[in-house]
Amino acid sequence: MARIGMNNLLEANGLRLGYTARTVTVTEPATGFKIVFNNDGTVRSNTFPSESLPLVEGYFKRSYPFVEDAREVDREYA
């Protein structure tokens with residue numbers, strides 16, 4: 001299987017989405033906040049304030065299908 005490295009995949013509304021084979025990372029470059037999700041949506045690490053979690057978790061859920069598609073392209077062209 002191809003090794004997938006971190007890629008800046010999408011940046012919108014001040015959030016940057018990246019991924020590896022096992023994780024999805026959402027960062028807010030303006031503040032330095034960062035959250036790392038496992039593929040199943042559980043949080044590995046987080047520096048976002050607790051009041052921001054619903055927004056960031058929603059962003060992860062909406063973005064995850066796009067990440068899976070991008071991983072498939074990575075595997076196809078690796």
Side-chain angles (χ1 to χ4, degrees):
M1 176 181 266
R3 184 171 184 267
I4 300 173
M6 183 63 128
N7 295 296
N8 287 329
L9 200 54
L10 173 67
E11 189 165 348
N13 300 319
L15 295 174
R16 183 177 294 152
L17 178 77
Y19 69 91
T20 66
R22 294 188 175 113
T23 63
V24 176
T25 302
V26 179
T27 57
E28 187 176 42
T31 62
F33 294 139
K34 176 179 169 180
I35 189 167
V36 180
F37 293 96
N38 290 319
N39 287 332
D40 65 2
T42 57
V43 176
R44 282 179 76 131
S45 64
N46 176 38
T47 61
F48 276 92
S50 59
E51 62 269 12
S52 299
L53 273 180
L55 171 72
V56 180
E57 288 173 336
Y59 184 74
F60 168 80
K61 289 176 186 173
R62 288 188 309 277
S63 303
Y64 192 75
F66 178 72
V67 169
E68 282 295 287
D69 289 345
R71 285 177 175 152
E72 183 61 34
V73 170
D74 283 351
R75 285 188 287 272
E76 186 175 328
Y77 290 98

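What's counted below: heavy atoms across the whole structure, side chains too, no hydrogens, waters or symmetry copies. Starting from 1, each residue takes its place in the sequence as its number. All of these numbers come straight from a predicted model, not from anything done at the bench.
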I need the Y19 OH to F66 CZ distance, nearest 0.5 Å.
8.5 Å
Please confirm whether the backbone N or O of F48 pairs with a side-chain atom of N46, one donor and one acceptor, at under 3.5 Å?
yes
List in chain and number order the residues that pass side chain to side chain contact (heavy atoms under 4.5 Å, CB included) with D40, two or more places apart in sequence or in another chain; answer none if no residue qualifies.
N38, T42
Heavy-atom pair with the smallest gap, counting every atom of N39 and T23:
OD1-N, 3.8 Å
Per the side chain to side chain donor-acceptor pair (under 3.5 Å) rule, what does the pair list look like for residues 49-63, sequence neighbours excluded?
none
Residue set satisfying salt bridge (charged side-chain N to carboxylate O under 4.0 Å, His left out) with E11, at least two apart, ordered chain then number -> R16
When the side chains of residues 28-37 are checked against the rest of the protein, which donor-acceptor pairs come out under 3.5 Å, sequence neighbours left out?
| unit_1 | atom_1 | unit_2 | atom_2 | d |
| --- | --- | --- | --- | --- |
| E28 | OE1 | T31 | OG1 | 2.8 |
| T31 | OG1 | E28 | O | 3.3 |
| T31 | OG1 | F33 | N | 3.2 |

Sub-4.5 Å side-chain heavy-atom contact between T27 and L15:
no
Group every Ile, Leu, Val, Met, Phe, Trp and Tyr by side-chain heavy-atom contacts under 4.5 Å, then state whether V67 and L55 land in the same group.
no
With rounding to the nearest 0.5 angstrom, report the CD to CD distance, E68 to E72.
8.5 Å
Within a 6.0 Å radius of atom CG on N13, are there more than 12 heavy atoms belonging to other residues, nucleotides or ligands?
no
Quick one: hydrophobic cluster around Y77, which other residues, with the 4.5 Å side-chain cut-off, linked directly or via members?
V73
